[in-house]
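Below: one structure, written as structure tokens.
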Amino acid sequence: MIFSIKLPQKEHFVVFLLLIIYVLSRLPLLNYLPLIKDEAIYSVMSTEQMGHLTLIPTFLGYPVSWKPAPFFWLYGFFSNFPLPIEMAFRLPSFIFGFLTLIPLYLLLRNIGLNKNIAFFSIVIFLFSLTSIYSNLSVLTDSMLFFFICLSLYFYTEKRFDDRRFIAAAIFAFAAFFSKFLLALFIPLMALVYFYLNDKKTLQKPLFLLSLLAVPIAFLIQSFLLTQAGLGGDVKIAALGYLAEGTGLTDVSKYASSLYALLPSLGMWFVLSFLGLINNWKNNLFMTFWYGLSIFPFLFGYTMVWYYLPVMPAIGYFAALALIKFEGVEKLDLFFVIVFSLILISTLYLTLSLYSEAHAIYSPEREAGLFLSGKKNVGIFGLYAPGVFSYKILDERRSLGHSLDFGWVMLRDNFSLKEENDFINDYHRGDYPIINGSFEHMFTSPDARFRKDTNLSKFEYIAVFGFNDLKLPNATVVYNRSLIQVYKVD
């Protein structure tokens with residue numbers, strides 16, 4: 001008897017199986033990592049929104065244009081749940097990822113994938129660092145992809161009449177207020193889909209009107225930014241690093257993209273190329289979808305979560321490379337063995353990267369929790385947002401509010417002398433520095449930033465990135481990795 005995999009006949013059982021795989025592959029990691037980099041910043045911004053809702057989000061009291069406000073409203077609401085800090089803030093991403101599987105599966109079926117290919121395409125999608133990290137982080141990508149899948153599902157669902165385009169437009173509008181211009185993915189995909197499958201739809205009034213959802217959202221956000229004094233400049237998240245001035249000519253960024261992409265997708269990425277070469281003509285819409293991978297490669301740098309919107313296409317062609325031989329699908333024992341080995345190796349790689357990240361960023365959490373509840377704290381040095389973020393978040397939980405503290409953020413090219421100068425005189429004015437607002441923190445790589453504070457002398461001084469710092473009349477009370485905390489005697 002020849003071994004062959006057979007999926008359940010009823011579609012809802014197939015989806016249920018995918019949901020089980022999702023939970024089992026993610027729940028153990030939900031609370032494992034400390035809040036990392038942008039996660040820490042966004043968590044603080046979310047708690048600020050719980051104290052005072054604003055149409056433009058704030059960071060340390062100042063409006064910033066990095067991300068849209070609804071993201072912070074929602075994640076701030078979940079932050080009040082009686083859960084560990086990391087789990088509370090990441091729970092919305094986990095839920096969005098869970099709910100996304102339903103419209104994603106239906107979307108793949110709508111655009112011509114059979115049950116077997118759709119199922120294994122999503123399994124590959126699930127077992128990639130790109131989707132795992134996106135679903136388990138305080139980032140906008142999981143929320144964005146949920147609305148992308150919902151919108152595209154309504155565009156492609158032929159069982160509904162033309163009024164489905166209204167629903168598609170609503171979800172495209174919501175996608176914009178998840179991660180701004182990356183929502184343009186939706187009308188672009190819709191246009192290509194109907195061009196390839198039903199050109200008559202391109203002339204329908206409701207369809208054409210639905211394409212205006214993202215431009216309308218763009219105009220609204222531009223108006224809100226202008227009212228907030230931020231110039232109406234809607235950030236193009238995927239192209240953010242271009243503001244650093246290197247543009248498309250910096251080859252090192254492409255090398256970094258490739259370096260990040262291969263570990264995050266493992267063998268799936270290589271297989272997808274093989275599947276594309278042999279099957280690109282079979283479904284031109286999926287081929288186009290796969291081609292959009294060029295954008296996260298060019299502009300995503302090391303941010304592997306930017307590949308989330310194109311991961312289903314990568315998974316599709318990787319699945320074809322394993323399942324389809326000479327036009328015949330074979331879910332035999334050989335497929336099971338090879339698929340399982342690749343899946344296990346990819347998961348092992350993901351867990352290894354998680355373990356490495358845990359070791360790197362845990363000191364920021366430890367230092368921040370150590371400083372929680374302590375008055376007269378000053379934080380100095382390179383970008384280590386976990387330190388002050390954990391201090392703020394833990395104090396708001398335990399005290400109901402955060403204590404005032406000082407923070408001067410320097411950059412790699414600044415000297416030990418400058419560090420000492422700011423520690424000795426926090427409010428000094430002989431160095432060029434941006435006070436109060438951190439709006440340009442990600443787009444001004446050489447600028448110093450200083451938080452507003454009423455403090456001038458510090459009892460506890462946290463330093464990141466300067467191991468050679470010597471503070472007179474101070475005792476080291478925490479020292480791990482590049483983080484030292486001093487108590488002034």
Side-chain angles (χ1 to χ4, degrees), residues 33-49 57-67 71-72 75-76 79 84-86 88-90 93 133 136-140 235 237 240-241 301-303 305 357-372 374 377-397 402-412 414 419 422 433-445 447-453 460-466 478 480-485:
L33 289 180
L35 298 173
I36 293 176
K37 297 294 185 182
D38 294 356
E39 281 191 289
I41 298 289
Y42 296 162
S43 297
V44 170
M45 294 172 67
S46 296
T47 59
E48 288 187 24
Q49 289 302 299
T58 60
F59 176 57
L60 301 178
Y62 287 83
V64 291
S65 62
W66 306 330
K67 293 291 184 290
F71 167 79
F72 300 103
Y75 281 62
S79 70
I85 289 176
E86 297 83 2
F89 280 102
R90 288 170 177 155
S93 291
Y133 189 77
L136 301 178
S137 301
V138 190
L139 297 174
T140 58
K235 300 297 182 186
Y241 85 86
Y301 196 19
T302 59
M303 295 171 284
W305 49 93
H358 184 275
I360 292 173
Y361 294 101
S362 286
E364 292 186 31
R365 172 170 58 186
E366 293 173 0
L369 293 176
F370 174 82
L371 294 170
S372 176
K374 293 179 172 59
V377 171
I379 301 171
F380 302 85
L382 304 181
Y383 182 61
V387 177
F388 71 82
S389 294
Y390 272 99
K391 173 178 167 58
I392 291 174
L393 299 174
D394 192 64
E395 287 173 350
R396 286 182 175 171
R397 285 193 164 198
S402 60
L403 302 174
D404 191 14
F405 67 96
W407 175 32
V408 173
M409 189 182 81
L410 303 177
R411 302 290 186 169
D412 292 333
F414 295 124
E419 181 88 348
F422 279 113
I433 194 167
I434 298 174
N435 293 303
S437 174
F438 286 72
E439 158 72 1
H440 299 292
M441 178 170 59
F442 300 119
T443 55
S444 299
R448 310 167 180 86
F449 293 86
R450 178 167 53 198
K451 175 186 172 295
D452 292 339
T453 180
Y460 289 91
I461 297 173
V463 177
F464 179 71
F466 293 90
Y478 178 87
R480 185 180 172 193
S481 187
L482 295 177
I483 300 176
Q484 295 83 43
V485 178

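All values reported here derive from a predicted model rather than from experimental measurement.
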Do [X] and [Y] come within less than 4.5 Å of each other through their side chains, counting heavy atoms only?
X      : Y      : value
Gln49  : Ser46  : no
Glu39  : Phe89  : no
Ile434 : Glu439 : no
Leu403 : Lys374 : no
Trp66  : Phe59  : yes
Glu86  : Leu33  : no
Phe380 : Leu410 : no
Val64  : Thr58  : no

Look at the side chain of [X] and the backbone N and O of [Y], then say whether any donor-acceptor pair between them is shorter than 3.5 Å.
X      : Y      : answer
Glu364 : Gly386 : yes
Arg90  : Val138 : no
Ser389 : Ala40  : yes
Ser372 : Leu369 : no

Please report the closest heavy-atom contact between Ser437 and Pro63, naming both atoms and the distance.
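What the structure gives for the nearest pair is OG-O, 4.5 Å.
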
Could you pull out the closest heavy-atom pair between Val44 and Thr47, with the gap in Å?
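Scanning both residues, the minimum pair turns out to be O-OG1, 2.7 Å.
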
Restricting to side chain to side chain contact (heavy atoms under 4.5 Å, CB included), what partner residues turn up for Pro363, sequence neighbours left out?
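For Pro363, the residues satisfying side chain to side chain contact (heavy atoms under 4.5 Å, CB included) (neighbours in sequence not counted) are Tyr478, Arg480, Ser481, Ile483.
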
Determine the sole option in Arg448, Arg450, Lys451 for which the side chain to side chain donor-acceptor pair (under 3.5 Å) test with Asn435 is passed.
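For Asn435, the side chain to side chain donor-acceptor pair (under 3.5 Å) check succeeds only for Arg450.
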
Separation between [atom1] of [X] and [atom2] of [Y], rounded to the nearest 0.5 Å:
X      : Y      : atom1 : atom2 : answer
Tyr383 : Phe442 : OH    : CZ    : 4.0 Å
Leu35  : Leu393 : CG    : CG    : 6.5 Å
Lys37  : Ile360 : NZ    : CD1   : 9.5 Å
Ile85  : Arg365 : CD1   : CZ    : 9.0 Å

Listed by chain and number, what are the ring-ring contact (aromatic ring centres under 6.0 Å, His included) partners of Phe449, not counting sequence neighbours?
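Applying ring-ring contact (aromatic ring centres under 6.0 Å, His included) to Phe449 gives Phe438.
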
Check against side-chain hydrogen bond (donor to acceptor under 3.5 Å, both in side chains), Ser93 and Tyr75
CA-CA 9 Å; Ser93 291; Tyr75 281 62; 2.6 Å; yes

